[in-house]
Amino acid sequence: MTFGKGCHLHLIDGSAFIFRAYHALPPLTRKSDGLPIGAVAGFCNMLFRYVENNKGPDAPTHVAVIFDHSSKTFRNEIYPAYKANRPELPEDLRPQFPLTREATRAFNIACIETEGYEADDIIAAMSCKARNAGGRVTIISSDKDLMQLIGDGVVMFDAMKNKTIDRDEVFEKFGVGPDRVVDVQALAGDSVDNVPGAPGIGIKTAALLIQEYGDLETLLARAGEIKQPKRREALVNNAELIRISKRLVQLDCDTPLDFSLESLEVRVPDAEVILPFLNVMEFRTLTKRVADSLKVAAPVAALLTETAAPVATPAEALTFDHASYEAVTTPEALAVWVARIRERGYVAFDTETTSLDEMRADLVGISLCVDAGVACYIPIGHRQGGGDLFASDSLTEGQLPLAEVLAQLKPVLEDDAILKIAQNMKYDAKIMARLGVQVAPIADTMLMSYAMHGGLHNHGMDELSERYLSHTPIPIKPLLGSGKSAVTFDRVGIADAVKYAAEDADVTLRLWQKFQPMLHRVGVTTVYETLERPLVPVLMQMEMAGVQVDRNTLSRMSSAFAQKMAALEAEIHELAGGPFNVGSPKQLGEILFDRLGLPGGEKGKTGAYATGADVLEDIAAEGVVEAGRTLAARVLDWRQLSKLKSTYTDALQTHIHPDTGRVHTSYSIAGANTGRLASTDPNLQNIPVRSEEGRRIREAFVAPVGRVLVSLDYSQIELRILAHMANIPALKQAFTDGLDIHAMTASEMFNVPMAQMTSDIRRQAKAINFGVIYGISGFGLARNLRIPRAEAQGFIDRYFERFPGIRAYMDDTIAFAKANGHVQTLFGRKIHTPEINAKGPGAGFAKRAAINAPIQGTAADVIRRAMIRMPAAIAGLDAKMLLQVHDELLFEVAETDVERLITAAKHTMETAADPAVKLSVHLTVEAGQGPNWAAAH
DNA sequence: GGGCTCACG
DNA sequence: GACGTACGTGAGCCCG
């Protein structure tokens, strides 16, 4: 519908709403994370009341909320001091601005702002346009600067006083009609906006003068006639200033509008949008009122609140000024920074290096930050040239020698009284450790975030900065390039490096400042202090120690695998009737199901046949074509060898460190949602063990001469934790009695005496036990056991009958997740479950994950506690903790200390839950030892 | 770079 | 009544 006669446009002054809301309400904060929210709350209430009050017969046909985009506009060019004496925005208001825009859109109202223009100008242009089209306009505001627009079908409405402002009110206020308001304002000036006007002339006098002379230009032209000397002089001497003032107060009807009036047509709020928004904001009452108004059920309170990661976040009062970052290139300048750090008592720091692999990285520079915005970068190892063949390898001029930097910084970095803050400290502390500096004590913003919001979002610096500081840090890509032309950080120019590196320290410090109070509010201080922070030095030691891997063993195995694979490949090609890439699932699927015409080919969503191990195993076992059966079996063999060779025997050799002769993995602490660690580069948590052939790879993990590998692993830790958490007497008793837990389960379920247990029945019970931990489903169990679904469901039903606590545990866990947006481990770790209220297939996933997380997470917490206590427990022994594999710790120990190590470490692991949690089931640890990992496990 | 496959707990 | 499922990871390879 074209905007025209009969249309009624409402223009809401957004900034007026915001300020009124801000000052009308106490400084409210969002309960879940402390986000300042008072202005947004008031703003939403005002918008809602507006919507409710404008449903009647005189309802608008079109509506928009208009905001100021930025403080700098064309008026600053005319008069630089314009609005210059405005007080600084309150610190807690600015972060709410983006949320008011979101709120507007959530109410399904057009949200308008244009860079370089004030809201008033946009309102002016829209009013003119609407009026010229023959429509009516109501401006929802009481701002006197907008009164010049009144007339010809344009009125204002003061929402607070619930009163219309028309010509009469304007006349009352300014003594002139709307068309002369700017003249009066130009003369009177405005102290709030710092519009100069004529000195000594206020609104009253200005109105008199305009009434007498008709308009401003006439007045100025005839100023000499004015009788009162003061007034006359004020006008004569300030004519230019008055003209400038008029340009400042005159609203610009020609402000460009990049939308049509038609697009502003009134729309009903969408319950699916507005309710979640209000719920995330944690506006309980308003959520309910809006829901009632829309005649839908209100979402369960607190349902989204916890899962809502602080979205659009508190922007900072301070911005990031890259130009202010200092390049520290003299000992004197560095000394100043050291003094600042000592005065502060803490420092955020970040290292720049030549590699993401801490064991191979060379230090290029260090950045420091002591206060938001106060940061520096110390270039140390930057090199000339672009890294090409002819580039010089010499150090760039104007850097500090490493020795000088270390001499000054080492005392600070090792000072007990100075807290060192970093994002992923393990990386930086390892770099420094390799240079002989033991960084302590430490804080880590990545781990704080993980403790608070694990499961909600990732914890990399860029993401945290955007979420919590509303700031996008300088990306590294443009500095380093990508692909073949990529360079390392030492080839980055120092000027660029200063901006990038110092900003990282700056961001880190600001995150830390923000996270400290948040940590308490979220209630995870204990988790951070006992399960995250102290783990850093422990993992550093393990990673730097590395594990000795015998290259020759791996190399021999690689050759043997290659030979077997070649033979298999020839046979496979023969069976297939021609050569093809055995490693290509796509080609294999076409051979099996198209060329050989085997039944059972199922295409996935990408249109490719599934050729996973389960599919091939079925074909190998019961395929109707003999060639197909053999082919599938050979491909399975080939795949196993291929996997072992490429992922393990080949790849592991490339990870042997040239200096140490050992393999140094890296553990990510904040990677897995449940609290587990993850091992990367290489992953040493998935070295084969299940197949005989694969297990032999562990023979390459060896102890040096005179030393032994000791493996200690928790026995059935997750089932024990389940027995405790779900309080299942039968399970607990079985553990207390030291029974075979799977056999016991089988006996209970199938009424088979333990003495007559068969391995097959036990195997089924074992699968069910694991299924319970994973959030069992009939389908999943059926597939795992390869039995009919109904039968699997029967097993599950019987299991729940025999162990009724399990069902209750599952229901309670899911209910808790739905109510709180997270589940918890016994040690208080929160694992957020944002998808728990999802609809559709995602719901099943989320429920099973929620059931599994407290169990897996508690086990992860237990072994973390053991690891943290381990250095003290084995101090004095010639032993090192090398690896963690979720429920196993691998040690390298002198032959003479093996027994003592086992005693100490075993005790530490078995009592790791104490005293924080009193488990009603004992944890038991089994030990093994030998010259290599295969023998020790 | 996403999908598939497969190694571990 | 249908949907599509075991939980948590990382790495190597293929292929567009």
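Naming: A, B, ... by sequence-line order, numbering from 1 per chain.
A distance of about 14 Å separates the P atoms of C:dT5 and B:dG3, rounded to the whole Å. Atom C1' of B:dA7 sits at a distance of 30 Å from the matching atom of C:dC3, rounded to the whole Å.
The number of heavy atoms from other shown groups lying within 6.0 Å of NE2 (A:His922) does not exceed 12. More than 12 heavy-atom neighbours from other residues, nucleotides or ligands sit within 6.0 angstrom of CZ on A:Arg869.
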In sequence, state the C-alpha distance, the side-chain angles, and the governing distance for A:Tyr799 and A:Phe803, and then conclude on ring-ring contact (aromatic ring centres under 6.0 Å, His included).
-> CA-CA 6 Å; A:Tyr799 189 95; A:Phe803 308 104; 4.8 Å; yes
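Side-chain contact annotation: A:Ser558 with A:Thr649, donor-acceptor N/O pair under 3.5 Å present. Checked by atom type, the side-chain pair A:Asn727/A:Lys732 shows a donor-acceptor distance below 3.5 Å.
The salt bridge (Lys or Arg N to Asp or Glu O under 4.0 Å) check on A:Arg662 picks up A:Glu892, with sequence neighbours excluded.
Between A:Asp760 and A:Arg763, at least one side-chain N (NZ, or NE/NH1/NH2) sits under 4.0 Å from a carboxylate O, which counts as a salt bridge. By the 4.0 Å N-to-carboxylate-O rule, A:Glu590 lies too far from A:Arg595 to be salt-bridged with it. Under a 4.0 Å N-O distance rule, the pair A:Arg829/A:Glu532 qualifies as a salt bridge. Between A:Glu692 and A:Arg696, none of the side-chain N atoms (NZ, or NE/NH1/NH2) sits under 4.0 Å from a carboxylate O, so this pair counts as no salt bridge. We find that A:Arg783 and A:Asp614 are not joined by a salt bridge, their nearest charged nitrogen and carboxylate oxygen being 4.0 Å or further apart. Look at A:Glu569 and A:Lys564 and you find no salt bridge, because none of the NZ, NE, NH1 or NH2 atoms lies under 4.0 Å from a carboxylate O. Here A:Glu693 does not pair with A:Lys643 in a salt bridge; the nearest charged N to carboxylate O distance is not below 4.0 Å. One finds no salt bridge joining A:Asp444 and A:Lys426 here, because no Lys/Arg side-chain nitrogen approaches an Asp/Glu carboxylate oxygen to under 4.0 Å.
Contact annotation for A:Gly775: no contact, since no heavy-atom pair falls under 4.0 Å across all strands. Within the 4.0 angstrom heavy-atom criterion, base atoms lie near A:Leu781. Residue contacts shown for A:Phe779 include a base, since a base heavy atom lies under 4.0 Å away. Within the nucleic acid shown, A:Arg783 comes within 4.0 Å of sugar-phosphate atoms alone, with no base atom in reach, counting heavy atoms only. Counting non-hydrogen atoms under 4.0 angstrom, A:Ala853 reaches nothing in the nucleic acid. Among the atoms of the strands shown, base atoms are found under 4.0 Å from some heavy atom of A:Asn784. Counting non-hydrogen atoms under 4.0 angstrom, A:Arg695 reaches nothing in the nucleic acid.
The distance from atom CD1 of A:Ile773 to atom P of C:dG8 is 13 Å, rounded to the nearest whole Å. Residue A:Phe770 contributes atom CZ, which lies 13 Å from atom C1' of C:dG8 at whole-angstrom precision. To the nearest angstrom, C1' of C:dG8 lies 11 Å from CD1 of A:Ile831. Rounded to whole Å, the distance from CG on A:Asn852 to C1' on C:dC7 is 4 Å. A:Lys847 has its NZ atom 16 Å from the P atom of C:dG4, to the nearest Å. Atom CD in A:Glu835 sits roughly 17 Å away from atom C1' in C:dG8 (whole-Å rounding).
Taking the six-membered ring where tryptophan is involved, the planes of A:Phe816 and A:His822 are perpendicular, since the angle between them exceeds 60° and thus also 30°.
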What does nucleotides 9-16 of chain C look like as a protein-contact string, B for base, S for sugar-phosphate only, - for none, at under 4.0 angstrom between heavy atoms?
-> SBBSSSSS
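Nucleotides of DNA chain B that come within less than 4.0 Å of any heavy atom of chain A span, from the 5' end to the 3' end, B:dG3 to B:dG9.
Contacts between residues 795-814 of chain A and DNA chain B, counted as heavy-atom distances below 4.0 Å, involve no residue at all. Within a heavy-atom distance below 4.0 Å of DNA chain C, no residue of residues 561-571 of chain A is found.
Of all heavy-atom pairs between A:Ile776 and A:Met810, the closest is N-CE, 4.2 Å.
Under a 3.5 Å cut-off, the side chain of A:Tyr648 and the backbone N or O of A:Leu554 do not form any donor-acceptor pair.
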Dot-bracket summary - DNA chain C, pairs being Watson-Crick or G-U whose distances fall under 3.5 Å, with | when paired to another strand = ......|||||||||.
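One finds no side-chain N or O of A:Arg848 lying less than 4.0 angstrom from the OP1 or OP2 phosphate oxygen of C:dA6.
Comparing A:Ala849 and A:Arg789 along DNA chain C, the residue whose closest nucleotide (by nearest heavy atom) sits nearer the 5' end is A:Arg789.
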